[in-house]
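One structure is given here, and the rest of the page talks about it.
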Number of protein chains: 2
Amino acid sequence: MMQIFIVDDHYMVIEGIRSLLHAESGMEYIGHAVDGASCMAFLEENQPNIILMDINLPDTSGIDLCKIVKKQYPSICVLALSTYSQLPVVRNMLANGASGYLLKNASGEEILEAIHIVKAGGEYLCMEMAEALKLPQNTEPLITRREKEVLLLICDGFTNPEIAEKLFVSLPTINTHRKSLLAKLKAKNVAALVKIAIQNGIV
Amino acid sequence: MMQIFIVDDHYMVIEGIRSLLHAESGMEYIGHAVDGASCMAFLEENQPNIILMDINLPDTSGIDLCKIVKKQYPSICVLALSTYSQLPVVRNMLANGASGYLLKNASGEEILEAIHIVKAGGEYLCMEMAEALKLPQNTEPLITRREKEVLLLICDGFTNPEIAEKLFVSLPTINTHRKSLLAKLKAKNVAALVKIAIQNGIV
DNA sequence: AAATCAATCGTCCAAACAGATGATTTTTAG
DNA sequence: CTAAAAATCATCTGTTTGGACGATTGATTT
């Protein structure tokens, strides 16, 4: 019997998967969580074979949650579930130990198939993502943690001096980060930077 | 017996609602469509009492679809369903005849309640949206045509001098527009301006 | 006809940004 | 442990912003 746990903050999605699993023999729905914290709490008591994990959670991202889960419970397989089809997100999930990636418009059959493959130790990627991952590896445009922090503050309208004060570093430092951001995201100025950041889901 | 039709491109959401309705007496799930076209095709043969309609569809937007449906079948109640909580979207849906707006993280009870209210001729808005709609009827802070033009160019990363050249006006003029925009949208600088513009659907 | 608003242009000036370059110290990862 | 990457700080310079004024023209509305 395969035990399955769901982490998603959408009631309807949970209910949909639950109903799907219910009709399937050999798969047991053992609960769900609506955020990262309650997920970790649940895992202290129960370890499912598979977690179906949404990327967008209220308190954290599925990407981070996946990393933590895999670190503490390496035997649990994480199958990512998301509406977003952004490559960097997929890459991050896989890098953090996810065994597969499903888009939320997946059919029932696809979900079941994915669960089976993942359970057997395999990796399942939905068509779109599998195709996309094959394409030219634009691996570089990674922004660092600190840069992301700065980016968020820039998007919120803080000026360099303000950000420097907030992060307890000097102005030249923030300036350097800002310039790296402009270069990495190929933005000409803050306006373009913010637009790119928002449209790429960084913010 | 209340007949309910679902328009959503996410299998899991459809399945979730279906399972919810199944357990409820007096509500009958009579089918679903994954896009606007198949929705309209279905309606030629069957007219449900209520349509649960997603905003993001592959071929059209729920906003447009709602308008068309209400025009051809005024008696059908449309209950909008979305992950997005942008006010302009909500306003548009309601303006196009939707009887309510639910966020996708709604609980089962909330969904059923909404359906009942809508069926009875009422209007149901989820908490967040109801609150948001109450706030200061920002009808005034309308930006003018010219300002919008400038705003778009700013968002695309053009500098003042560049915009001035593009629009065949002087730099001070663009400066004035930019300052009006900052004031009207209550932005502290371009970064905040771009963020607000994008998040409010202006861009 | 008067009032309002949009769009245009102007000046002055301080603050913030962005480009170029270089260097040191932590952190992370191989 | 060691090499690479990230984070830090610095200086210098020209450009762009954004704040605070004021003002004219034309269109729309009342």
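Note that the coordinates shown come from a computational prediction; the quantities given were computed from them, not determined experimentally. No hydrogens, no waters, no symmetry mates; every other heavy atom, side chains included, goes into these values. Throughout, protein chains are lettered first and strands after them, A, B, ... in sequence-line order, and every chain is numbered starting at 1.
Taking CG of B/D9 as the reference point, atom CG of B/D54 lies at 6.0 Å (rounded to 0.5 Å).
Straight-line distance from the CD atom of B/E162 to the P atom of C/dA18: 13 Å, rounded to whole Å. Computed from coordinates, the B/L182 CG to C/dA16 P distance equals 15 Å when rounded to whole Å. Whole-Å rounding puts the A/L167 CG to D/dA6 P distance at 18 Å. With rounding to whole Å, B/N189 atom CG is found 17 Å from D/dT16 atom P. When the P atom of D/dT17 is taken as reference, atom CD1 of B/I174 falls 11 Å away, rounded to whole Å. Counting to the nearest Å, the P atom of D/dC12 and the CG atom of A/L171 are 15 Å from each other. Atom P of nucleotide C/dC5 and atom CD1 of B/I143 are separated by 17 Å, given to the nearest angstrom. Taking atom CG of A/N175 as the reference point, atom C1' of D/dA7 lies 14 Å away to the nearest angstrom.
For B/P172, whose side chain is taken as the heavy atoms from C-beta onward, the closest listed nucleotide among C/dG10, D/dC9, C/dA20 is C/dG10. Taking the side chain of A/R145 as heavy atoms from C-beta on, and the options C/dA18, C/dT8, C/dT28, the nearest nucleotide is C/dT28.
When only modelled atom types and interatomic distance are considered, B/E110 and B/Y124 share a side-chain donor-acceptor pair under 3.5 Å. B/S19 and A/E15 form a side-chain donor-acceptor contact under 3.5 Å, judged by distance and modelled atom types alone.
Inter-residue side-chain proximity for B/L151 and B/V194 is flagged as unmet; no heavy-atom pair is nearer than 4.5 Å. Side-chain contact check for A/I115 versus A/M27: some heavy-atom pair is nearer than 4.5 Å.
Between D/dT8 and A/H177, a contact under 4.0 Å exists linking OP1 or OP2 to a side-chain N or O. In this structure, A/S170 reaches the D/dC9 phosphate: one of its side-chain N or O atoms is under 4.0 Å from OP1 or OP2. One finds no side-chain N or O of A/T176 lying less than 4.0 angstrom from the OP1 or OP2 phosphate oxygen of D/dT8. Neither OP1 nor OP2 of C/dT27 sits under 4.0 Å from any side-chain N or O of A/R146.
Counting non-hydrogen atoms under 4.0 angstrom, B/T159 reaches the backbone sugars and phosphates but no base.
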